[in-house]
Number of protein chains: 2
Amino acid sequence: MPAARGGDAQKTGPTLEQVAARAGVGRGTASRVINGSPRVSERTRAAVQAAVAELGYVPNRAARALAAGSMDAIALVVPEQENRLFAEPYFSEILRGVSAELADTDKQLLLTLIRDERSRDRFTQYAAAHRVDGVLLVSVHADDPLPDLLRDVGMPAVLSGRRSSAEHVPYVDSDNLLGAQLAVEHLIGRGRRKVATITGPLDMYAARCRLAGYHEALTAAGRTGPEPGARPAVEAAHRPAAAPGGRLVAEADFTEEGGHRAMRELLERDPDVDAVFCASDVMAAGARLALRESGRDVPHDVALVGFDDSAVARHMDPPLTTVKQPIEEMGRAMVRMLLALMGTEPDPRGAPAPDAGQPQLVLPTELIRRGSS
Amino acid sequence: MPAARGGDAQKTGPTLEQVAARAGVGRGTASRVINGSPRVSERTRAAVQAAVAELGYVPNRAARALAAGSMDAIALVVPEQENRLFAEPYFSEILRGVSAELADTDKQLLLTLIRDERSRDRFTQYAAAHRVDGVLLVSVHADDPLPDLLRDVGMPAVLSGRRSSAEHVPYVDSDNLLGAQLAVEHLIGRGRRKVATITGPLDMYAARCRLAGYHEALTAAGRTGPEPGARPAVEAAHRPAAAPGGRLVAEADFTEEGGHRAMRELLERDPDVDAVFCASDVMAAGARLALRESGRDVPHDVALVGFDDSAVARHMDPPLTTVKQPIEEMGRAMVRMLLALMGTEPDPRGAPAPDAGQPQLVLPTELIRRGSS
DNA sequence: CGCATGAATGGGAGCGCTCCCACACACGGG
DNA sequence: CCCGTGTGTGGGAGCGCTCCCATTCATGCG
């Protein structure tokens, strides 16, 4: 039996050929029906569809990919050097959104964790060889060359979060600046006089934005600041921790330990702090611990606000007021953007991109009030 | 130019043919080198490898899959009706393990969230058509038909967690019974007299195991129980909440709300409860809340132990004593088992499976002591 | 009434690979 | 000196699909 080859035993389903035969049409016509080409008569279409149903035909992706030169798959790339605490809630939300949006397309979702140099190189090569049609990049660091590499090889890609304000690769981000501003305004509105902040690593754009929001809210409220009256530019937000004008800034690294250390540092610098805006919930958990150790009550002595609205926030005692990002929606938006990009990119024939969708998108953030403030 | 077809513009990398030409050998030989066949002379091997390096050759997966009849991909299937709280930490740990173990193979990881009937059918069909080589199933419910469906179409699959003690599909599980036993023994060892438990939904095998562990520990300690002296069978563990012999069992659903409600119920039934073993950390968080509301101190008045060692446990106040499962290792083990299955399964020619690896594996659990007990 | 025009269709070519058959070519024993 | 026996090797035949060219009709126009 010359038919059974390769993987053997794999009773691979019916082929297009068989469907066509059953419907009494040619292979080409069957293909046209299955791919929804308009150039097919109604009768024929019905016949083929019936045959598909009867035979339970499922197109062979490999064959399709090989013939069409597209893989019908997109990769979700997650760098894994990241502290898992940071990645957890954010990542699973993104995943949910991506998967939901992809459910209607019949594209596959390929998950790639990049954990070291070797796996990064592997993926780069893989992408360069066009083994996927598009790439979603989650939590990219400012110095990550991957986005540019992908652009160079003509691989459509969408980032979650910018690497800088000059980001030229398409991205979906949330409004970190406004979110931080809301948080700090809220603290001021609750009558807090000495509002400090614990920032993320300031080589990350999101962290800088949140710090800028902090400064902006204080300035707007008329509190003295480093640049009185001047609109603090996000790019310039990277300034010494002990800013002039008495603002209380401590830099940490989005980890709980970092938040704990930063809070102790703040208390040492100014024991009268009565509010802290933390650039992540996890850091807020660390700060909470430091406050408890110093005998301070939350929210009575010190009000606390976090960022992310992750599970940690709900489980803290008291529950943490925090800034919620629409993470699932960000995942969905990333997919929509990528699909649009993929629809236009591979067409070099002058067509000026029908509607690529906004290649950069900033989604709103929202303050969730809970017991900690 | 008759060469540029299909996807256009996709400057797909060099082909095997080109590599072979460059190395001055035939296509077949080049293929043999790349797939590590031993029947190649050292000289030739070196020449081909050099050509591969120079050209930056990356094999085309689609072509390979089509020709070989195997897809070089496995699917990780996650049912999504699941409450996200439960899924979060567990899922991301599994993912880490799976991905790590898969990094050395050059198999792709395909992620499939199943959210409704429609997507389930779609996946079933997809698998039946052998579009993946194997399937990893996470958090399967006792009545889920998917595992059997997959077995029927000859698709290798591995479960995380059994559906019952008679599970016949290969699985990796953790030792829920022993873990629960450790937890309850620990509580007894701390001098607690009235140890209650909050179980998961008792139509889930893991929940029944944990309950059985509770009973077993109490019986071993000589506390009166429903079946004095008898070894409580896991299968029989599904008994009325108000068990004879004074044991305190409340059933919940692995959610925080459920844990909260169950704790209130327990306190009502017996206000003198001085310890509670919760079958999940999340439920313990709910129980913690109920205890606080009732004015009881943890651990002074009531000691609390959870299960999972998730992030919630570390962030509770006081930090939660809990039973840790080696979740990442479970992910790794699942992949190893699946690969073994895939290596043997497709061979129908009588070969009695060289070393399929243990088709069922139960990994140990461990008690993590923290402030809550 | 004949011929250009378009719609619907059939089927060849080929995507890049693996499998496997056939073909060298080097041996050693009869 | 001829024939196994083995080791490397080349390349044909597809895998199931999409693309596209050719073909067949039915239609409308000159």
Side-chain angles (χ1 to χ4, degrees), chain A residues 1-21 23-48 52 55 57-72 106 129-131 346, chain B residues 1-21 23-48 52 55 57-72 106 129-131 346:
Chain A
M1 54 179 212
R5 287 250 275 39
D8 277 283
Q10 312 273 45
K11 46 173 172 199
T12 331
T15 70
L16 223 211
E17 194 93 46
Q18 292 169 38
V19 170
V25 302
R27 192 165 25 79
T29 305
S31 171
R32 246 158 280 162
V33 171
I34 283 158
N35 295 296
S37 157
R39 310 210 127 322
V40 189
S41 74
E42 216 36 69
R43 284 177 46 78
T44 312
R45 181 183 310 282
V48 173
V52 166
L55 265 41
Y57 170 76
V58 183
N60 183 322
R61 275 204 126 75
R64 188 187 288 226
L66 180 56
S70 117
M71 295 296 288
D72 266 4
D106 62 348
H130 280 271
R131 281 356 173 204
Chain B
M1 53 177 211
R5 289 252 273 39
D8 278 285
Q10 312 273 45
K11 47 172 171 202
T12 331
T15 70
L16 223 211
E17 194 93 44
Q18 293 169 36
V19 170
V25 301
R27 191 163 27 78
T29 304
S31 171
R32 246 158 282 164
V33 171
I34 282 158
N35 295 295
S37 158
R39 308 210 129 320
V40 189
S41 74
E42 216 36 69
R43 283 178 46 80
T44 312
R45 182 184 309 282
V48 172
V52 166
L55 266 41
Y57 170 76
V58 182
N60 182 323
R61 275 203 126 75
R64 187 187 289 226
L66 180 56
S70 117
M71 295 296 289
D72 266 3
D106 62 348
H130 279 272
R131 283 353 174 205

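Order of the sequence lines fixes the chain letters, A, B, ..., with proteins taken first and strands second; residue numbering starts at 1 for each chain.
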Quickly work out the D72(B) CG to dC17(C) P distance and round it to whole Å. 13 Å

Nearest heavy atom decides the nucleotide; on that basis, is R131(B) or P38(B) closer to the 5' end of DNA chain D? P38(B)

Side-chain contact check for L16(B): nearest option of dC17(C), dT18(D), dG10(C) is dC17(C)

Side chain of V25(A) only, heavy atoms from C-beta on: which candidate in dT18(C), dG10(C), dC17(D) is closest? dG10(C)

Without decimals, in angstroms, what is the distance between R39(B) CZ and dA24(C) C1'? 16 Å

Could you report the tightest heavy-atom contact between L16(A) and A30(A), atom names first, then the distance? CD2-CB, 3.5 Å

In this structure, how many angstroms lie between the C1' atom of dC15(C) and the CD atom of E17(B), rounded? 12 Å

Give the nucleotide from the list dT18(D), dG11(D), dA8(C) with an atom nearest to the side chain of R32(B). dG11(D)

In whole Å, what is the span from the CG atom of N60(A) to the C1' atom of dT18(D)? 13 Å

Closest nucleotide of DNA chain D for V40(B) versus for L66(B): which of these residues is on the 5' side? V40(B)

Look at R27(A) and dG11(C) and indicate whether a side-chain polar atom (N or O) is within less than 4.0 Å of OP1 or OP2. no

Quick one: pull up CZ in R27(A) and CZ in R32(A) and give me the separation to the nearest 0.5 Å. 10.5 Å

Would you kindly give the CE-to-P distance between M71(B) and dG16(D), to the nearest whole Å? 12 Å

Check the phosphate of dT18(C) against S31(B), side-chain N and O only, distance under 4.0 Å to OP1 or OP2. Yes or no? yes

Taking every heavy atom of Y57(B) against every heavy atom of I34(B), the minimum-distance pair comes out as CE2-CD1, 3.5 Å

Measuring from the side chain of P59(A) (C-beta onward, heavy atoms only), which nucleotide among dG8(D), dC17(D), dG10(C) has the closest atom? dC17(D)

Can you figure out which of dT18(D), dT9(C), dG16(C) approaches the side chain of A67(A) most closely? dT18(D)

For A65(A) and M71(A) the tightest heavy-atom approach is CB-SD, 3.6 Å

Whole-Å distance between dC15(D) P and H130(B) NE2? 17 Å

Measure CG/N35(B) against P/dC20(C) and give the value in whole Å, please. 13 Å

If you go through the side-chain atoms of R61(B), does one of them form a donor-acceptor pair with the base of dG16(C) closer than 3.5 Å? no

For dT18(D) and R64(A) - does any side-chain N or O of the residue sit under 4.0 Å from the phosphate oxygens OP1/OP2? yes

Phosphate OP1/OP2 of dA8(C) contacted by S41(A) side-chain N/O (<4.0 Å): no

Write down the distance between CZ (R43(A)) and C1' (dA7(C)), rounded to a whole number of angstrom. 16 Å

Can you see which heavy atom on L66(A) is nearest to which on A63(B), and at what distance? CD1-CB, 3.7 Å

